[in-house]
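Written out below as structure tokens is the structure these notes cover.
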Amino acid sequence: MAKPTIGLALSSGGARGAAHIGVLRVLEENGIVPDVIAGTSMGAYVGGAYASGTCLDDVEAAWRSTSFLRTAKTLLPTIPWSGWTSGGEIARTLRRTFGDRRIQDLDRPFAAVATDLESGTPYVIASGSLVDAVRASLSVPGLFTPVWLDDHLLVDGGVSNPLPLDVVREMGADLVIAVDVLVDPAEVRMSGLPYFGTKERQLGVAKSLRPDSRCARRYHPSVFSVLFQMSTVFQRRLCDLALTSFPPDVRVRPDFSADPPTYSRVGCGIEAGAEAARRALPAIRQAIAAAG
């Protein structure tokens, strides 16, 4: 009986992408090795590292060594101002991990998903420099400058395809394991300045600065909160559409509610991914048996 081609789709998700390391480690420990991998944004980073043969312990160590100062260094402003920062420090970090590896020479087929800023469509990178591919897939609009690659102006793949299920199917996967680490909008605790019922109260003219009882739940969120939540909403919607249109055989969905990870503290994210993978093992084994 022929072994099914196992595909792994790794979603975007910022610091929560650390969970991909935990998932891959549990799969590897249980002899479940993906044959093809597609990743978006942080999913592209972890997936690219794994496909290149980089030890997961080394990826984890590099991520755990991230400090506030090192993170701040990657966010230094740049000119021209098509993004807050050039992403040069990110590229240097990727080069230390990947060297000069080319995607077509990796241990297994891999694709990083970016977004063509001019056409608005997903752009799949399945050949060429691994550093350039992952750098493009990670280019959060407004934060990092877009990347010109093969005459395409590219930004973060999460803008158009945060969970590349269709890509991994097109790469020949018979069985698809999806790792979804995207934020659910309902998980975000939004807050802001108190909402007052009248313009006078907003200006502080009223005797009392207490909000009108009818508006007690209301608040004025910051522009950054609004933009972050907007991104969260549309990425979740795109992901849900992909799950409906290209359903995976198994979906691994880590629970971050107890201790959400940050870029300088990823251990809890890795552990959440490992725990989710352990819970999914029976379903994965069953799907492999059925596909085989």
Side-chain angles (χ1 to χ4, degrees), residues 3-66 93-94 96-99 101 106-112 130 134 137-138 162-165 168 171 173 175-183 248-289:
K3 175 184 175 296
T5 298
I6 300 174
L8 189 65
L10 303 177
S11 80
S12 58
R16 293 160 62 117
H20 295 316
I21 297 174
V23 172
L24 279 164
R25 179 171 285 131
V26 169
L27 293 180
E28 192 173 67
E29 289 171 353
N30 287 272
I32 302 169
V33 180
D35 300 295
V36 297
I37 302 173
T40 296
S41 198
M42 278 300 175
Y45 168 62
V46 177
Y50 187 77
S52 69
T54 303
C55 177
L56 289 174
D57 289 338
D58 292 340
V59 178
E60 179 178 346
W63 210 330
R64 285 184 182 273
S65 69
T66 300
T93 299
L94 294 174
R96 286 194 291 271
T97 302
F98 301 141
R101 290 184 178 90
L106 300 182
D107 295 346
R108 53 181 55 80
F110 168 74
L130 180 58
V134 174
S137 186
L138 284 169
L163 183 59
L165 296 167
V168 79
M171 294 170 71
L175 182 155
V176 172
I177 301 169
V179 186
D180 175 6
V181 301
L182 288 164
V183 180
D249 296 274
V250 180
R251 178 191 181 199
V252 180
R253 176 80 168 141
D255 180 4
F256 301 99
S257 59
D259 192 12
T262 64
Y263 285 108
S264 59
R265 193 178 58 84
V266 299
C268 52
I270 295 172
E271 290 157 10
E275 177 58 30
R278 292 187 195 102
R279 291 196 305 268
L281 278 174
I284 293 172
R285 291 194 177 106
Q286 184 177 5
I288 292 173

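Here the side chain of Asn30 pairs no donor or acceptor atom with the backbone of Ile32 at under 3.5 angstrom. Side-chain atoms of Ser137 come within 3.5 Å of backbone N or O of Ser41 as a donor-acceptor pair. With hydrogens and angles ignored, the 3.5 Å screen pairs a side-chain donor or acceptor of Arg253 with a backbone N or O of Leu182.
Results of the side chain to side chain contact (heavy atoms under 4.5 Å, CB included) test with Leu10 over Leu163, Val179, Val181, Val252 single out Val179 as the only residue that passes.
The side-chain heavy atoms of Leu24 and Leu8, taken from C-beta on, include a pair separated by under 4.5 Å. At least one side-chain heavy atom of Pro162 sits less than 4.5 Å from a side-chain heavy atom of Ser12. Two residues are said to be in side-chain contact when any heavy atoms from C-beta on lie closer than 4.5 Å; Val46 and Met42 fail this criterion.
What you find for Tyr45 and Val59 is that their closest heavy atoms are OH-CG1, 4.1 Å. Closest of all the heavy-atom pairs between Ala283 and Val250 is O-CG2, 3.8 Å. Minimum heavy-atom separation, Ala173 to Val36: CB-CG2, 4.0 Å. The two residues Ile177 and Leu175 make their nearest non-hydrogen contact at CG1-CD2, 3.9 Å. For Val33 against Arg108, the heavy-atom pair with the smallest separation is CG1-NH2, 3.3 Å. Among all heavy-atom pairs drawn from Ala51 and Phe110, the shortest one is CB-CB, 3.8 Å.
A salt bridge links Arg278 with Glu275; the closest basic N to acidic carboxylate O contact falls under 4.0 Å.
Note that SG of Cys268 is 8.5 Å distant from CZ of Phe256, once rounded to the nearest 0.5 Å. Atom CZ of Arg25 is separated from atom CD of Glu271 by 10.5 Å, given to the nearest 0.5 angstrom. Taking CG of Leu130 as the reference point, atom CG of Leu94 lies at 8.0 Å (rounded to 0.5 Å). Within the model, atoms CD1 of Ile21 and CD1 of Ile270 stand 4.5 Å from one another, a figure rounded to the nearest 0.5 Å. Atoms CD1 and CD1, from Ile284 and Ile6 in turn, are 8.5 Å apart once rounded to the nearest 0.5 Å. Distance check: Tyr50 OH to His20 NE2 gives 14.5 Å after rounding to the nearest 0.5 Å.
Under a cut-off of 6.0 angstrom, the local environment of CD in Glu29 is crowded, with over 12 non-hydrogen atoms contributed by other residues, nucleotides or ligands.
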